[in-house]
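Counting begins at 1 with the first residue of the sequence.
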Amino acid sequence: MTMANRTLDHVNVVAKLADLKEEHYRNTLALCTLIELLVDKGLFTREEIAAKANELDQLMVFPPYPMA
């Protein structure tokens with residue numbers, strides 16, 4: 001593999017990471033918006049949402065990050 005090909009591969013990886021970052025931001029914004037609307041309308045409290053998030057988190061078999 002030539003140096004130019006490796007450099008282009010690195011550029012492509014960085015571009016894909018940037019796309020993922022933008023997609024992650026938009027997904028997070030959508031979720032936050034939905035949570036705020038549900039709370040504002042009185043359908044759920046922040047405490048109920050936090051409790052359900054904790055409950056679902058406990059169901060995970062493998063943590064998404066290394067445990068120290």
Euclidean distance, [Y] [atom2] relative to [X] [atom1], rounded to 0.5 Å:
X: Leu29; Y: Leu34; atom1: CG; atom2: CG; value: 9.5 Å
X: His24; Y: Asp19; atom1: NE2; atom2: CG; value: 14.5 Å
X: Asn12; Y: Asn5; atom1: CG; atom2: CG; value: 10.5 Å

Cationic N near anionic O, under 4.0 Å, Arg26 to Glu22: yes
- Query: Thinking salt bridges, do Glu47 and Lys52 make one under a 4.0 Å N-O criterion?
  - Reply: no
Common cluster, Ile35/Leu43, ILVMFWY with side-chain heavy-atom separation under 4.5 Å: yes
Please test Ile49 against Val39 for side-chain contact (heavy atoms from CB on, under 4.5 Å), starting from the C-alpha separation and ending with a verdict.
CA-CA 9 Å; Ile49 292 170; Val39 170; 3.8 Å; yes
Using salt bridge (charged side-chain N to carboxylate O under 4.0 Å, His left out), reason through Glu36 and Arg46 one step at a time and then give a plain yes or no. CA-CA 9 Å; Glu36 289 299 317; Arg46 293 184 194 290; 2.9 Å; yes
What do the steps show when you test Lys21 against Leu17 for side-chain contact (heavy atoms from CB on, under 4.5 Å), and what is the final call?
CA-CA 6 Å; Lys21 183 177 178 182; Leu17 286 173; over 6 Å; no
